[in-house]
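Input: a single structure, listed below in structure tokens.
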Amino acid sequence: MDKFFKSLSKGTLATLAIAAGTLFFILNDPPHTVCDTQKEEIRRLKKHLLFEKTPNPLTGESGSRFNYLADHCKYTNTPG
């Protein structure tokens, strides 16, 4: 392997090193896309509805608003 690197010219070796470094950074942390931005925004807007909240120390309530509404729908005799 050492012989291989010594046989390459400095320009070729530099090009390979830059290409390998660029490829490493792209694969390690892919570029941020429009879809990523939209997913983060939906997650931020719907956080109070879909994701678990920390329990309230005074009332002991925990869970998301979705879980609360789903349980409310199960226990009441309503069509929706």
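A continuous path of ILVMFWY side-chain contacts below 4.5 Å connects Phe4 to Leu13, so both sit in one hydrophobic cluster.
Grouped by direct or indirect side-chain proximity (heavy atoms under 4.5 Å, Ile/Leu/Val/Met/Phe/Trp/Tyr only), Leu23 sits with Leu27. When hydrophobic residues (I, L, V, M, F, W, Y) are linked wherever their side-chain heavy atoms come within less than 4.5 Å, the members clustered with Phe24 are Phe25.
Every side chain to side chain donor-acceptor pair (under 3.5 Å) that Thr12 has, sequence neighbours left out, goes to Ser9. Annotation: side-chain contact (heavy atoms from CB on, under 4.5 Å) contacts of Thr33 (sequence neighbours excluded): Cys35, Asp36. Every residue was checked against the side chain to side chain donor-acceptor pair (under 3.5 Å) condition with Ser7, not counting sequence neighbours, and none meets it. Residues satisfying the salt bridge (Lys or Arg N to Asp or Glu O under 4.0 Å) criterion with Lys3, sequence neighbours excluded, are absent altogether. By the side chain to side chain donor-acceptor pair (under 3.5 Å) test, Gln38 pairs with no residue at all, sequence neighbours left out.
Sorted by first and then second residue, the side-chain hydrogen bond (donor to acceptor under 3.5 Å, both in side chains) pairs involving residues 19-30 (not counting sequence neighbours) form an empty list.
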In sequence, state the C-alpha distance, the side-chain angles, and the governing distance for Arg43 and Glu40, and then conclude on salt bridge (charged side-chain N to carboxylate O under 4.0 Å, His left out). CA-CA 5 Å; Arg43 209 172 263 148; Glu40 288 172 7; over 6 Å; no
